[in-house]
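Data first, discussion second: the structure below is written as structure tokens.
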Amino acid sequence: MEKKNLDWENMGFSYMQTDKRYVANYKDGKWDDGALIDDANIVMNECAGVLQYSQSVFEGLKAYTTEDGHIVTFRPDLNASRMVDSAKRLEMPPFPEDRFVDAVAQVVKANAAYVPPYGSGATLYIRPYMFGINPVIGVKPADEYQFRIFATPVGPYFKGGAKPITICVSDFDRAAPHGTGHIKAGLNYAMSLHAIVTAHANGFDENMYLDSATRTKVEETGGANFIFVTKDNKVVTPHSSTILPSITRRSIMYVAEHYLGLEVEERDVYFDEVKDFAECGLCGTAAVISPVGKVVNHGEEICFPSGMEKMGPVTQKLYDTLTGIQMGHIEAPEGWIKVIE
Ligand SMILES: *Cc1c(COP(=O)(O)O)cnc(C)c1O
């Protein structure tokens with residue numbers, strides 16, 4: 001297969017239209033067979049449920065080339081099951097998990113020419129999503145849905161290595177108790193836009209959201225989960241029913257325990273103890289781990305001992321081990337790597 005002539009080394013994180021996308025329609029109580037199509041545009045009624053009441057959920061994962069030349073994806077079964085959870089919470093019909101995994105493979109195969117070569121740092125970002133498409137004006141779930149997957153090549157998240165970032169404690173809340181913080185829904189992002197634009201305007205890279213009920217516990221950022229490393233090398237991640245269960249974070253906790261032999265804890269993390277941690281990182285598909293060097297809470301600065309120049313040593317080990325597993329240098333746990341071709 002001939003690769004597209006793209007500048008793999010210098011790609012940004014933006015949308016580029018690729019050749020094929022997958023679409024399946026839900027109507028009269030069932031999903032149709034689904035197919036790969038060429039048209040990147042969607043025509044829908046002006047009153048479509050997604051346009052009026054934001055009934056939509058999504059996922060994000062990557063396909064990439066391993067050292068031995070295979071195109072693979074990382075734990076797509078977890079994206080499939082998470083999307084089922086998201087869909088149920090918004091009263092949408094779940095897309096079957098086995099069909100989700102198969103459709104991801106179809107889209108990657110059909111766009112294999114856009115999968116960046118090994119070593120470029122770039123990847124093919126895959127975006128499954130689903131939305132209510134029939135007209136809805138009285139507030140209720142749609143009757144008809146579309147499930148789609150497109151793929152777009154994206155550059156390495158950090159050009160020239162991961163520099164620690166500075167984040168601020170947000171005055172806005174991300175998720176309410178018993179709300180929708182634990183599902184991957186566009187609505188959670190719509191309402192986070194004002195908070196992130198405000199953070200950027202104030203010179204910060206990201207927001208740290210605290211639990212909205214008590215404002216005492218660390219939750220997550222707008223799109224990544226936290227890990228912290230204690231001074232005695234324990235890896236700690238916040239436990240909360242209102243954070244999105246990151247697949248990257250779950251994988252990192254597994255790697256910490258089973259590959260690096262570190263103690264791990266998933267528990268309440270109070271903001272008051274953040275100053276005592278040695279390292280901090282943000283986990284998500286896009287960057288794997290972004291190191292955090294500094295947290296600012298209304299002028300009060302917490303500077304982690306790992307500093308502003310590079311990742312902390314434990315974070316670096318976690319990063320190297322997980323990316324080593326993804327790229328095929330380190331043996332993966334059973335079922336983590338799905339070879340597409
Ligand atoms: C997608 C997402 C994450 C990261 O999840 P991954 O599965 O690791 O990509 C974290 N937080 C939020 C709010 C998200 O939407």
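Hydrogens, waters and symmetry mates play no part in the numbers below; they use all other heavy atoms, side chains included. Whatever order the structure lists them in is the order used to number ligands and atoms, beginning at 1.
For the side-chain contact (heavy atoms from CB on, under 4.5 Å) criterion with V292, the lone passing option out of V274, L282, D205 is L282.
In terms of polar-atom proximity, R174 is not counted as a contact of ligand 1, lacking any N or O under 3.5 Å from an N or O of the ligand. Considering both main-chain and side-chain atoms, I247 comes within under 3.5 Å of ligand 1 through a nitrogen or oxygen pair. When only interatomic distances are considered, the shortest N/O to N/O separation between T285 and ligand 1 falls below 3.5 Å. At least one N/O-N/O distance between E220 and ligand 1 falls below 3.5 Å.
The shortest distance between side-chain heavy atoms of E265 and T237 does not fall below 4.5 Å.
With a 4.0 Å cut-off on non-hydrogen atoms, S246 touches ligand 1 through its backbone as well as its side chain.
Taking the charged nitrogens against the carboxylate oxygens, E301 and K294 do have a contact shorter than 4.0 Å, which makes a salt bridge. Between D33 and R99 there is no salt bridge, since no side-chain N of the basic residue sits under 4.0 Å from a carboxylate O of the acidic one. Salt-bridge check for E59 with R82: passed, with a basic side-chain N closer than 4.0 Å to an acidic carboxylate O.
When hydrogens are left out, the protein atom nearest atom 15 (O) of ligand 1 is Y189 OH, 2.5 Å; that is the closest non-hydrogen contact. Shortest contact from atom 2 (C) of ligand 1 to any protein heavy atom: K184 NZ, 2.5 Å.
Heavy atoms of E59 come nearer than 4.0 angstrom to ligand 1 in no pair at all. Residue contact annotation: A224 has a non-hydrogen atom under 4.0 Å from ligand 1. Within the structure, the closest approach of R250 to ligand 1 does not fall below 4.0 Å when heavy atoms are considered. The closest approach between any non-hydrogen atom of P245 and ligand 1 is not below 4.0 Å.
Between F228 and F277, a ring centre-to-centre spacing shorter than 6.0 Å is recorded.
When the heavy-atom distances from atom 3 (C) of ligand 1 to G223, S251, G284 are ranked, the shortest goes to G223.
Residues I325 and V255 share a closest heavy-atom pair of CD1-CG2, 3.8 Å. Between V236 and M253 the shortest heavy-atom distance is C-CE, 4.5 Å.
Close contacts of ligand 1 with R82, meaning ligand atoms under 4.0 Å from a residue heavy atom, involve 5 (O), 6 (P), 7 (O).
Within 6.0 Å of the NZ atom in K275, the count of heavy atoms belonging to other residues, nucleotides or ligands exceeds 12.
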